[in-house]
Structures are given as structure tokens and as C-alpha cells.
Protein chains: 2
Amino acid sequence: MRRGQPLYLDLADRLASGITEKRYPVGSLLPTEAELCAQFEISRFTAREAVKQLQAIGLVATRRGIGTEVVTAKPNAGRFSCAFDSVSEFIHSARLTRLTKIVTEDLPADKVVADALKREKGCPVLRIQATRILLSEKGRALRPIALVDVHVPAEYGAIREDLKHLDTTLNLLIEKRYGIRTSQVEQTVEPCLVDGSQAKVLNVKPGSLGILFTRRYVSDRGNPIEYVRNIQAGDDARLNMTMRSTGR
Amino acid sequence: MRRGQPLYLDLADRLASGITEKRYPVGSLLPTEAELCAQFEISRFTAREAVKQLQAIGLVATRRGIGTEVVTAKPNAGRFSCAFDSVSEFIHSARLTRLTKIVTEDLPADKVVADALKREKGCPVLRIQATRILLSEKGRALRPIALVDVHVPAEYGAIREDLKHLDTTLNLLIEKRYGIRTSQVEQTVEPCLVDGSQAKVLNVKPGSLGILFTRRYVSDRGNPIEYVRNIQAGDDARLNMTMRSTGR
DNA sequence: CCGTATTTGTGCGTATGTATA
DNA sequence: ATATACATACGCACAAATACG
């Protein structure tokens, strides 16, 4: 603690300015922990703590065996956008639910879907529509909570075979089957009104307030792998989140 | 890593169930790091990592010289709850805006406000109503983006004097003036319809779709310091967020 | 007011495990 | 199979904040 600040925060600041000043461009790897130790004459503990700070504000992502990649130089561009440090809790939250009434369809992508998946308009995609229901601890169906409408590129179409006995999320299914990793999930949340047919399935009055989640899963290579539209209504038309200070 | 899980996660699970099962009641202190080391025959590193996990999901708060206090036994009630690890980007996002048409009022807390602030119903609070407007780079007012309705305990009432020349957030104002730190922000997002008077201020049609943010700021000692209701409509009735994997 | 004990925060060194190329 | 890089885990020491006599 030379300048009234812990060493690791000092290093975190240096690295952060290194990123904004393009010495560590987006997409490149930060120096390895060992290199940081040598360059700044610090212990590995200090180097790791510094990198954790950068992870916490979403500037970098680390993968063991690979290194620490610079993900973005501007932690957040838009208003009210936030970087999570883990999608695991998000995925975890989908545990006690299950998809039912699954309908699949092969079709050419319309403009919206094509843009989201970064493909040409008209390219073949697999569409999966379903109802997500809440389960009790014992696995009994309690009530419908969401209408989901998923599009994946046709090359992942083989997941169709696994949909019957789906006990995880679609995304995990694709990750497992095709050996890819989701590194980023982009989500938009906006209000909507549920129409008659949607209301019937969700068991609410037609025209009542709902919330529309539009979500895109992107692989660590930057390829969109899944585009989801998700409508929830009634008590489920609500998003709770907790933001925490990192201690600075 | 005995059972496929790192030791510190294992300990974190034990402590978490200890909290939910009231062996460590809310308000009490967890065993000190030294005690955890002794009881579970682990190193201090492992004990600290475990406690960090609990901090990350908001179950506990630590203060040096004191110990680790149990803050709540239920980190997140609702589904689709997500723990951010930094509120700074959220605060940052409010930079190019300003509050206008600020109206203050002293009044007794109703039930909702009292519950949110963890006070008795009828306790004195300061209410601040205002319109948040978007500013251009040069500081010119562009358009209204939100109606804000803030309640703070009367003991922070002196911030009223600073509202005239407010160039930060209300929360930072309180932090600075009273020397407290916000460690956690809990937010609920839900759809709503804007009524006539709201629509007029927000410059949208009456009855159009809006989004209601309900937010509570909690200090590092677990005291609620601010309760905010925030309505946005039109193009602002949208929440964008990006979740990234850290590589775990 | 001072000194001391307690408790967490910071920092170092080292060793071993695991994922990746 | 080997090398690389991060993850987990142990040990130790001292600093800083707090509580208390």
C-alpha cells in the first residue's frame, strides 16, 4: 500500500487504463499472472486480486489454460446496462422449471431472426416454441410461467432429438452436444400486453400486462447460437435483481 | 476437492444452510475466520473464499475488527434474480441525466415505504419527487426519461439543502454527506401503464406501456437508506443487460 | 487518552490440481 | 505427452479497524 491504496487496486487501475488506452486491445490477452508478477514485482496473489477487479466490472474474462481476455474497453455503453460476473445464477434460476408443449419447425429466418443470429435473411433455422411451467420440489407441474419462442441456426438442429427428455436449458443442451461455450448473454426486457391466445396458455386475462424478454446467446468465438423471445405475465411479469458494490 | 466440489464452495454451502436453518440467525456473527479454520480444519484462504461466496449472494456482510454479520437468510426470493457484483456501472449510467422539477415533502411513512426502509409505519420520512431528463453532451436538456419518487428516512433529511445543485445521484449525495457506503441495491422491474398526468410529463400517450423500477439502496451495515420508484415510458421502457461468463 | 486484544484486510511464498493448446 | 495458464489450497506475516478495560 504505497499510495494509500492497496497494491492490487493500484494494479487494477493500471490495467484498466491500459485497456482504455488500447495497450491491451479488445480481444487480446492480458499478460499472464506470472508475467504480471514479474513486470510489477508483486506476488501472484496481488496479480489475481487485480484481475478479479477487472472481471467484476466486466472488462475481462478469464479461462483457465487460456488466459485473461479483454472483452470490452467500455464496461457499459448504454443506459441501464449491466455486466454480470456469472450467468450461472441466472441459469440456476431456471432449475425448477420445465418446457412442455414443445413444437418444432424448420423455416427460413425472417429479418429479425437473421439479424440476431448474424446470418443472411432466409437462411434455415430451427424454431422451437414451448410453454415453460413451474415445478414443485417433487417435480409436479404447478403453473405455466412463460411462453418461449426459440430460434437456432439449422446446424444445431440435431438438438431436436433431445427435446423430449429435456431436463436442463436449451442452451446447455447445445453447449454439450456441440462442444461450444456460451460466453455472453445479451438480454432486453420490455413491457408488453398479452394477446388472447397467449393469455389462455399463461392463464391470465387477455390484454393484461406482461413482460417480454429478448435474449441472445453468443459463443466464445462470437457466434450467436440462440435467439429467444420469452413472454411472462401475471406474477411472473417481474424481474428481481440485486446489485452489489465491489468494496471500493 | 474431495467431492467434485472445491473445498471453499463446500464450506459456503454448509454456512449457507446454517443461515437458512437459523443456526446463524440474522443479526448474529458468523464464526471468525480463525474459528472456521479450526472447526473445519482448513486454511484461512479457504475460509475467506467461502465467506466471499456468501457476500456475493448477499447473505452476510463483513467489517474488519468486527466480524462477519448475517444480513439476511433469504438472498433472493423471486425467480430470475441475478446478483450483480458492481453497482458502479449502474450509477455511471445516470451521468448524462439530471433531476428537474424537484418537489420535497415531509410525511409519515405508509406501510409500503416503512417496510422497504425497515422502519415502523408512520415514522417520518422525506419524499422527493422529480423528473429525470436526458442531457446532451453539452448539458442541454433533450427530453424527459423518467418520473422518480424517492423516500429517505428523515434522519437524512438534510440532503434537501443540496438538491438545488445536484450533479450526482441522490444516493451519492447521501453517502457523501453522512459518510455511509451503499453495498447493495435491490431492484424490481415490472410493466405498468402510465396514467394521464404521468403521460403528460413523460411526453407519451396516456395508457401507453411503461416500466416501473422499484429500487432499494442498502448500506454496508444492512440499513436501507433510500427507496425509489421510477417510471419510464416509450423508448426508455426497456432494460438492456449483458451477462458474461467468467470462465468457471 | 492509551494500550491491548480481536478480527478482517493485504501481501508474500509455495505446492498441487485441472483445463487448454 | 508436454507445456502453459488459471484454480485451489496451505502456510506465514503484518496492517488497519474496532472494542474494551
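Numbered from 1 within each chain, the chains take letters A, B, ... in sequence-line order. Quick note: numbers below take in every heavy atom, side chains included, and nothing from hydrogens, waters or symmetry partners. All values derive from a computational prediction rather than experimental measurement.
Residues Glu21(A) and Arg14(A) are not paired through a salt bridge, judged by the lack of any N-O separation under 4.0 Å between the basic side chain and the carboxylate. In this structure, Glu49(B) does not pair ionically with Arg44(B), as no charged nitrogen and carboxylate oxygen lie closer than 4.0 Å.
Whole-Å rounding puts the Leu29(B) CG to dA19(D) P distance at 11 Å. Rounded to whole angstrom, the span from the CD atom of Glu69(A) across to the P atom of dT20(C) amounts to 14 Å. A straight line from NZ of Lys52(B) to C1' of dA9(D) spans 13 Å, rounded to a whole angstrom. In this structure, Glu49(A) places its CD atom 12 Å from P of dA7(D), rounding to the nearest Å. Here the C1' atom of nucleotide dC12(C) and the CG atom of Leu11(A) are 15 Å apart, to the nearest Å. Remark: P of dG11(C) and CG of Leu36(A) are 15 Å apart, rounded to the nearest angstrom. One interatomic measurement links the two molecules: CG of Leu7(A) to P of dA15(D), which rounds to 14 Å at whole-angstrom precision. At whole-Å resolution of the value, CD1 in Ile42(A) and P in dG13(C) are 10 Å apart.
Of the options Glu186(B), His151(B), Gln187(B), a side-chain hydrogen bond (donor to acceptor under 3.5 Å, both in side chains) to Arg216(B) is made by Glu186(B) and by none of the others.
Checked against side-chain hydrogen bond (donor to acceptor under 3.5 Å, both in side chains), Asn223(B) has no partners two or more places apart in sequence or in another chain. For Tyr156(B), the ring pair (Phe, Tyr, Trp, His ring centres under 6.0 Å) partners at least two apart in sequence or on another chain are Tyr178(B).
Residue Thr46(B) places no side-chain N or O under 4.0 Å from the OP1 or OP2 atom of dT8(D). For dT10(C), the OP1/OP2 oxygens have a side-chain nitrogen or oxygen of Tyr8(A) closer than 4.0 Å.
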Listed pairs, N/O of protein and of nucleotides 4-6 of chain D, under 3.5 Å:
unit_1, atom_1, unit_2, atom_2, d
dC6(D), OP2, Glu33(A), N, 2.9

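Remark: the Glu69(A) side chain and the Thr62(A) side chain contain no N/O donor-acceptor pair separated by less than 3.5 Å.
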